[in-house]
Amino acid sequence: MSDVHPEESVRVEKLQALRAQGISPFAHTYDKANPLGEVISRYQSLTAEDVVETTLSCAGRIVAKRGHGKATFGNIMDESGTLQYYANINILGETAYNTLLHLDIGDIIGITGKPFKSHKGELSLRVETFTMLTKSLHPLPEKFHGLQDKELRYRQRYVDLIANEEVRKTFKTRSEVVFKIREFLNQKGFMEVETPVLHAIYGGAAARPFMTHHNTLDQTLYLRIALELHLKRLVVGGFEKIFEIGRVFRNEGVSFKHNPEYTLLELYQAYADYTDVMALTESLLSQLVFTLTGGYTLTYQGVELNFKAPFKRLTLKDALMHYAQVDMDAPVEVLREKAQNLGLDVSHKPLRGHVIQYIYDKTVEHNLIQPTFIVDYPWETSPLAKRKRDDDRLVERFELIVSAMEIANAFSELNDPIDQYERFLDQVKAREAGDTEAHQMDEDFVHALKYGMPPTGGLGIGIDRVVMLLTDSPSIRDVIFFPHLKQHDNPQ
RNA sequence: GAUCCGGUAGCUCAGUCGGUAGAGCACUUGACUUUUAAUCAAGUGGCCCUGGGUUCGAUUCCCAGCCGGAUCACCA
């Protein structure tokens with residue numbers, strides 16, 4: 001510990017000085033009776049003449065200090081707010097006042113005192129007693145600019161949270177979003193369930209998994225990439241309305257809208273199809289936006305988005321025609337040629353459905369800003385979805401796109417075990433042909449379907465992206481407390 | 001994986017056409033009894049991301065690397 005920062009050693013000396021005075025720099029507990037937010041709302045309307053007789057007991061972190069000789073101002077911050085305190089040598093006496101003067105920004109203290117309005121009109125707490133609760137040994141970022149460095153903000157989120165109020169707000173909103181979704185689904189009669197994170201066979205999405213290993217069983221396990229296959233087993237088991245909000249893990253690239261682990265909501269409703277699920281999705285999201293903003297619109301990155309139901313609906317076929325002038329029903333050679341003309345390399349896309357999906361991804365998605373349901377996908381890219389009732393080249397599936405991001409994905413669930421088995425076989429073939437994201441054969445899932453799964457509608461919603469929209473966050477890293485970053489590899 | 005941008009004090013940032021560095025905040029000391037990005041004065045604080053090269057001399061120029069960001073690719 002010889003290379004301690006000078007400011008740290010100053011603070012360690014102060015800490016020792018406190019101990020020498022018989023003051024513990026790390027108290028065990030404190031009777032924090034009055035959250036600062038409550039104090040502020042209760043006493044904000046005081047006038048300079050008002051005298052309050054109630055003594056309050058508050059606690060928080062010192063975030064600013066303004067000394068004026070024998071009187072001093074500062075601010076303490078707790079989870080609910082920031083309040084000014086005022087200390088005067090006549091009230092505290094010389095010893096205590098001097099101790100208070102030597103506190104550092106970052107220290108956590110308890111204060112008792114009465115609220116009053118300062119001459120400049122700011123609600124303040126007149127310090128009668130104060131208690132050292134936690135000594136802070138490392139200086140906080142500068143008060144005016146906060147912490148700007150993105151890498152530091154993500155790696156040391158604790159500092160980011162102290163320094164930047166809007167970050168605290170973002171994560172409060174995140175918590176509220178999850179709470180409201182649960183509330184909405186509970187009210188609709190959905191039961192929350194938990195399924196395994198460690199999978200012997202992974203599936204439910206097209207993605208590469210993280211692998212791990214069970215030592216005593218000497219077994220390869222995968223971190224789940226989706227919740228789907230276990231939840232549908234539960235529908236087979238008789239649960240008719242279930243959901244899970246859980247972390248999934250995908251071993252893929254990292255970007256402003258991709259984090260290797262993210263939070264997925266999946267729900268399944270028996271005796272429903274994808275049109276029912278679409279209505280549910282619409283009402284869930286529009287109500288969520290209304291609850292959190294008081295209206296149906298929100299501004300995301302400077303663009304106003306309207307979540308008033310009904311959202312726009314567009315078949316994949318119409319979308320392709322409109323945005324790429326491609327007729328989805330054309331022969332596959334024509335589609336390949338069209339793709340080539342659009343500058344797209346589809347040589348590695350084996351089936352017509354893959355070609356169609358690829359053209360869609362490259363030409364349509366980035367144009368969809370307002371909430372839009374894209375409906376009816378080719379069967380080849382949707383191995384778990386049920387074929388469309390009047391066109392077996394398609395499946396009953398929709399995605400919800402907002403601000404060019406996929407927010408939701410849903411379908412009428414495939415419950416024909418024979419068709420499901422064949423689709424898995426196709427996936428296995430694709431995997432053998434080099435598609436690293438194709439599904440594994442899941443015999444037990446097929447076996448489950450053989451007992452009979454009622455007609456079922458299923459939905460997946462990327463919670464992180466919903467939170468991005470609701471908090472106007474440009475990157476998924478801004479809505480995940482500790483986003484994945486590469487490790488620094490020189491341990492010095 | 002590709003391209004571009006960035007990495008200088010705890011934080012926010014200047015700067016050095018190549019001669020080992022500055023400001024503001026924070027911290028220390030002093031002044032100041034109603035301030036609020038408090039003020040004034042004097043200080044402390046730097047492997048200028050890492051490694052090589054060029055050079056008498058590199059934080060600066062060149063090359064490679066590491067980390068981050070953006071865009072693209074990938075991710076239905």
Side-chain angles (χ1 to χ4, degrees), chain A residues 3-11 13-14 48 63-75 82-91 97 102 104-106 116-124 126 136-156 159-160 162-163 205-208 225 250-260 316 344-345 348-349 351 353-362 365 374 377-385 395 397 399 406 409 430 435-439 474-475 477 483 485-490 492:
Chain A
D3 55 347
V4 179
H5 189 267
E7 192 161 333
E8 272 189 32
S9 31
V10 168
R11 291 185 179 213
E13 281 166 26
K14 288 181 175 182
V63 291
K65 278 168 64 190
R66 296 176 291 281
H68 297 272
K70 297 190 166 79
T72 189
F73 291 87
N75 296 87
T82 301
L83 184 68
Q84 174 163 276
Y85 64 83
Y86 169 71
N88 189 301
I89 195 166
N90 296 336
I91 301 172
Y97 184 77
H102 284 84
D104 289 304
I105 290 178
F116 74 105
K117 262 294 171 54
S118 76
H119 289 178
K120 291 286 166 75
E122 177 151 347
L123 180 64
S124 312
R126 185 177 277 110
S136 167
L137 296 182
H138 197 85
L140 284 173
E142 192 223 348
K143 60 189 165 189
F144 189 59
H145 298 90
L147 185 66
Q148 300 294 323
D149 186 288
K150 286 212 165 117
E151 186 171 355
L152 275 183
R153 289 185 45 210
Y154 297 144
R155 285 191 199 278
Q156 301 184 25
V159 184
D160 192 28
I162 295 168
R208 291 156 70 192
I225 57 172
R250 298 191 180 180
N251 206 339
E252 288 162 358
V254 177
S255 81
F256 75 96
K257 52 179 170 177
H258 298 91
N259 194 62
L316 185 62
L344 303 175
D345 175 20
H348 57 296
K349 302 291 172 188
L351 300 173
H354 298 117
V355 176
I356 290 167
Q357 180 85 42
Y358 192 68
I359 298 174
Y360 161 79
D361 288 340
K362 293 297 149 195
E365 200 165 283
I374 298 294
Y377 284 70
W379 69 271
E380 295 95 326
T381 55
S382 315
L384 301 165
V395 292
R397 171 179 177 188
E399 285 190 357
E406 180 191 332
N409 183 20
D435 181 355
T436 52
E437 298 184 340
H439 273 75
S475 168
R477 295 181 202 97
L485 296 184
K486 230 171 165 171
Q487 215 160 7
H488 284 121
D489 72 344
N490 68 342
Q492 91 195 67

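Note on naming: letters A, B, ... go to the chains in the order of the sequence lines (proteins, then strands), and numbering restarts at 1 for each one.
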J.: Could you list, one pair per line, each protein nitrogen or oxygen that sits under 3.5 Å from a nitrogen or oxygen of nucleotides 70-72 of chain B, together with the distance?
T.:
{"from": "A70(B)", "atom 1": "OP2", "to": "R477(A)", "atom 2": "NH1", "distance (Å)": "3.3"}

J.: Less than 4.0 angstrom between a side-chain N/O of Y85(A) and OP1 or OP2 of U34(B), yes or no?
T.: no
J.: What integer distance in Å separates L152(A):CG from G6(B):P?
T.: 19 Å
J.: Is there a donor-acceptor pair under 3.5 Å between the side chain of Y154(A) and the backbone N or O of D149(A)?
T.: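 Side chain of Y154(A) to backbone of D149(A): no pair is present.
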J.: Is the base of U36(B) touched by the side chain of N75(A) through a donor-acceptor pair closer than 3.5 angstrom?
T.: no
J.: Mark this stacking check for H145(A) against U12(B) as yes or no, applying ring centres under 5.5 Å and ring planes under 30°.
T.: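 It does not: the ring fails the test against the base of U12(B).
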J.: Please state how far atom NE2 in H258(A) lies from atom P in C74(B), giving the value in whole angstrom units.
T.: 12 Å
J.: Looking at R208(A), I want to see if its CZ is surrounded by more than 12 non-hydrogen atoms of other residues, nucleotides or ligands under 6.0 Å.
T.: no
J.: If you check the Y86(A) side chain, which of U34(B), C75(B), C27(B) turns out closest?
T.: U34(B)
J.: Choosing from U34(B), C27(B), G69(B), which nucleotide comes nearest the side chain of L485(A)?
T.: G69(B)
J.: With a 4.5 Å heavy-atom cut-off, do I105(A) and K65(A) have their side chains touching?
T.: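 Side-chain contact under 4.5 Å: yes.
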J.: Name the closest nucleotide to the K14(A) side chain, picking from C27(B), U34(B), U36(B).
T.: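 That would be C27(B).
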J.: Taking only N and O in the side chain of R153(A), is any of them less than 4.0 Å away from OP1 or OP2 of G68(B)?
T.: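 No, outside the criterion.
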J.: Which part of the nucleic acid, if any, lies within reach of E437(A) when heavy atoms closer than 4.0 Å are counted: base, sugar-phosphate only, or nothing?
T.: sugar-phosphate
J.: For a quick test of reading the model: is some side-chain N or O of K362(A) closer than 4.0 Å to OP1 or OP2 of C74(B)?
T.: yes
J.: In whole Å, what separates the C1' atom of U44(B) from that of G22(B)?
T.: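 About 15 Å, rounded to a whole number of Å.
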J.: How many whole angstroms separate atom OH of Y97(A) from atom C1' of U33(B)?
T.: 7 Å
J.: Find out whether E399(A) and E365(A) are in side-chain contact, i.e. whether some heavy atom of one side chain is under 4.5 Å from a heavy atom of the other.
T.: yes
J.: Going by heavy atoms in the side chains, are V254(A) and P483(A) under 4.5 Å from each other?
T.: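 Side chain of V254(A) against side chain of P483(A), heavy atoms only: no contact under 4.5 Å found.
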J.: Given U12(B), U33(B), U34(B), which nucleotide is nearest the side-chain atoms of N88(A)?
T.: U33(B)
J.: Do H354(A) and T381(A) come close enough that some side-chain heavy atom pair is under 4.5 Å?
T.: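 Yes, side chains in contact.
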J.: Is L344(A) close to I359(A) at the side-chain level, that is, under 4.5 Å between some pair of heavy atoms?
T.: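 Counting from C-beta outward, I359(A) and L344(A) do come under 4.5 Å.
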J.: For nucleotides G19(B) and C61(B), find the distance between their P atoms and express it as a whole number of Å.
T.: 11 Å
J.: Taking all atoms of both residues into account, what is the closest heavy-atom pair of I225(A) and A205(A), and its distance?
T.: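 In this case the closest contact between I225(A) and A205(A) is CD1-O, 3.3 Å.
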J.: Could you tell me how far G45(B) sits from C4(B) if I compare only their P atoms? Round to whole Å.
T.: 40 Å
J.: Indicate yes or no: at least one non-hydrogen side-chain atom of D104(A) is less than 4.5 angstrom from one of S136(A).
T.: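 Sidechains of S136(A) and D104(A): no contact.
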J.: E142(A) side chain: which of C74(B), U29(B), U12(B) is closest?
T.: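 The answer is U12(B).
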J.: In Å and rounded to the nearest 0.5 Å, what is the CZ to CD distance from R250(A) to E437(A)?
T.: 9.0 Å
J.: Toward the 5' end of RNA chain B, which comes first, R397(A) or K117(A), by nearest nucleotide?
T.: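 Nearest nucleotide further toward 5': that of K117(A).
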J.: I want to verify a distance call: between U33(B), A26(B), C74(B), whose nearest atom is closest to the R11(A) side chain?
T.: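 The listed nucleotide nearest to R11(A)'s side chain is A26(B).
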J.: Using whole Å, what does the distance between atom P of nucleotide A73(B) and atom CD of E365(A) come to?
T.: 12 Å
J.: Any base atoms under 4.0 Å from Q148(A), or only sugar-phosphate, or nothing? Heavy atoms, all strands.
T.: sugar-phosphate
J.: Would you mind pulling out the nucleotide paired to U3(B), Watson-Crick or G-U wobble, both distances under 3.5 Å?
T.: A70(B)
J.: Given the P atoms of G46(B) and C11(B), what is the spacing between them in whole Å?
T.: 14 Å
J.: Expressed as a whole number of Å, how far does the C1' atom of G51(B) sit from that of C67(B)?
T.: 15 Å
J.: Any base atoms under 4.0 Å from D149(A), or only sugar-phosphate, or nothing? Heavy atoms, all strands.
T.: sugar-phosphate
J.: Of the candidate nucleotides C74(B), G24(B), G69(B), which contains the atom at the shortest distance from the side chain of Y154(A)?
T.: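 Per side-chain heavy atoms of Y154(A), the pick is G69(B).
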J.: Within a strict 4.5 Å, meaning less than it, do heavy atoms of the Q148(A) and P141(A) side chains meet?
T.: no
J.: Look at the side chain of E122(A) against the base of U36(B) and say whether a donor-acceptor pair falls under 3.5 Å; ignore hydrogens and angles.
T.: yes
J.: According to the Watson-Crick and G-U wobble definitions, with both distances under 3.5 Å, which nucleotide is paired to A14(B)?
T.: none
J.: NA contact type, G146(A), heavy-atom cut-off 4.0 Å: base, sugar-phosphate, or nothing?
T.: sugar-phosphate
J.: Please enumerate all protein N or O atoms sitting under 3.5 Å from an N or O of nucleotides 43-48 of chain B, with distances to 0.1 Å.
T.:
none

J.: Which base, if any, makes a Watson-Crick or G-U wobble pair with U54(B), both distances under 3.5 Å?
T.: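 The answer is none; no pair meets the criterion.
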J.: Quick one: which of U35(B), A37(B), U12(B) gets closest to the side chain of S118(A)?
T.: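 Nearest to the side-chain atoms of S118(A), counting from C-beta on, is U35(B).
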J.: Name the closest nucleotide to the P139(A) side chain, picking from U35(B), G10(B), C27(B).
T.: G10(B)
J.: Do R397(A) and N409(A) have side chains that get closer than 4.5 Å, going by heavy atoms?
T.: yes
J.: Does U35(B) have its OP1 or OP2 closer than 4.0 Å to a side-chain nitrogen or oxygen of K120(A)?
T.: yes
J.: Using atom CZ of R126(A) as one end and atom P of U35(B) as the other, report the distance to the nearest whole Å.
T.: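 Atom CZ in R126(A) sits about 14 Å away from atom P in U35(B).
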J.: Using Watson-Crick or G-U wobble geometry with both distances below 3.5 Å, tell me the partner of G45(B), or none.
T.: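 Result: none.
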J.: CZ of R66(A) versus P of C25(B): gap in Å, rounded?
T.: 15 Å
J.: Could you state the atom-to-atom distance from NZ of K257(A) to P of C74(B) in whole Å?
T.: 12 Å
J.: On RNA chain B, check which nucleotide each of F73(A) and A205(A) is closest to and give me the residue with the more 5' one.
T.: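 The residue mapped nearer the 5' terminus is F73(A).
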J.: Give the rounded distance in Å between these two atoms: CD1 of I225(A) and P of C75(B).
T.: 14 Å
J.: Pick base, sugar-phosphate or nothing for H138(A), based on heavy-atom distances below 4.0 Å to the nucleic acid.
T.: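 It contacts sugar-phosphate atoms only.
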J.: Can you sort out the partners of Y86(A) under ring-ring contact (aromatic ring centres under 6.0 Å, His included), two or more places apart, ordered by chain and number?
T.: F73(A), F116(A)
J.: Provide the distance between the two C1' atoms, one in C48(B) and one in A9(B), to the nearest whole Å.
T.: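 Straight-line distance between the two C1' atoms is 10 Å.
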J.: Without swapping roles, check the side chain of S124(A) against the backbone of Y85(A) for a donor-acceptor pair under 3.5 Å.
T.: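 Answer holds: no.
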J.: What nucleotide among C75(B), U35(B), C25(B) has an atom nearest to a side-chain atom of K349(A)?
T.: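 Out of C75(B), U35(B), C25(B), the nucleotide with an atom closest to K349(A)'s side chain is C75(B).
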J.: Find the partner of A37(B): check Watson-Crick (N1-N3 plus N6-O4 or O6-N4) and G-U wobble (N1-O2, O6-N3) distances, both under 3.5 Å, and reply none if neither fits.
T.: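 Pairing partner, where one exists within any strand: none, as none qualifies.
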